[in-house]
A.B. asks: 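Handing you this structure, nothing more for now.
Just so you know, these numbers use all the heavy atoms, side chains as well, and skip hydrogens, waters and symmetry mates. Owing to the predicted nature of the structure, the values given are computational and were not obtained by experimental measurement.
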Amino acid sequence: MIASANPNAGSKFNSTVQQRLNDLVLSGDGHAFDPKTGRSYRLNPTGLLALQLAQNGQSEKDVISQLAARYAQHPSVVAVGTEAFFGQIKRYLP
């Protein structure tokens, strides 16, 4: 079981958040452009992969599982960073 401070971490992103994530235009070199606000963000490779997975409809729990497998890390370690990352994104996307 993945230890999580967020009881909703295993759920799908709510429809508003999912739509805003889908609005982001991602480039292969780690940039995310928000056409709604005109803001651009720089992502590390892990953040880019996490956003790509989320845009493909993966739940936060699925994103955590896939990142943990890819980087050979314990899911509880990945969960902390992933939850913080998506929390930050949600604050920046109006």
A.B. asks: Are the side chains of Phe85 and Asn44 in touch, meaning some heavy atoms are under 4.5 Å apart?
C.D. replies: no

A.B. asks: With Arg39, which residues qualify under side-chain contact (heavy atoms from CB on, under 4.5 Å), at least two apart?
C.D. replies: Thr37, Tyr41

A.B. asks: What closest approach, in Å, do His31 and Ser40 show between heavy atoms, and which atom pair accounts for it?
C.D. replies: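 For His31 and Ser40, the tightest heavy-atom pair comes out as CD2-OG, 4.2 Å.
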
A.B. asks: May I have the list of side-chain donor-acceptor pairs in residues 47-56 shorter than 3.5 Å, sequence neighbours left out?
C.D. replies:
unit_1, atom_1, unit_2, atom_2, d
Gln55, NE2, Leu21, O, 2.6
Gln55, NE2, Leu24, O, 2.9
Asn56, ND2, Gln52, O, 3.2

A.B. asks: Going by the rule side-chain contact (heavy atoms from CB on, under 4.5 Å), which residues pair with Pro35 if we only count those two or more places apart in sequence or in a different chain?
C.D. replies: Val25, Phe33

A.B. asks: In sequence, state the C-alpha distance, the side-chain angles, and the governing distance for Asp62 and Gln66, and then conclude on side chain to side chain donor-acceptor pair (under 3.5 Å).
C.D. replies: CA-CA 6 Å; Asp62 292 337; Gln66 290 185 41; 5.8 Å; no

A.B. asks: Could you tell me which residues satisfy side-chain hydrogen bond (donor to acceptor under 3.5 Å, both in side chains) with Gln73, sequence neighbours excluded, listed by chain and number?
C.D. replies: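 With neighbours one apart ignored, the set is empty.
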
A.B. asks: Is there side-chain contact between Tyr71 and Val78, with at least one heavy-atom pair below 4.5 Å?
C.D. replies: no

A.B. asks: Taking only residues two or more places apart in sequence or in another chain, which ones pass ring pair (Phe, Tyr, Trp, His ring centres under 6.0 Å) with Phe86?
C.D. replies: Phe13

A.B. asks: Which pairs pass salt bridge (Lys or Arg N to Asp or Glu O under 4.0 Å) with one or both residues in residues 23-36, sequence neighbours excluded?
C.D. replies: Arg20-Asp23, Arg20-Asp34

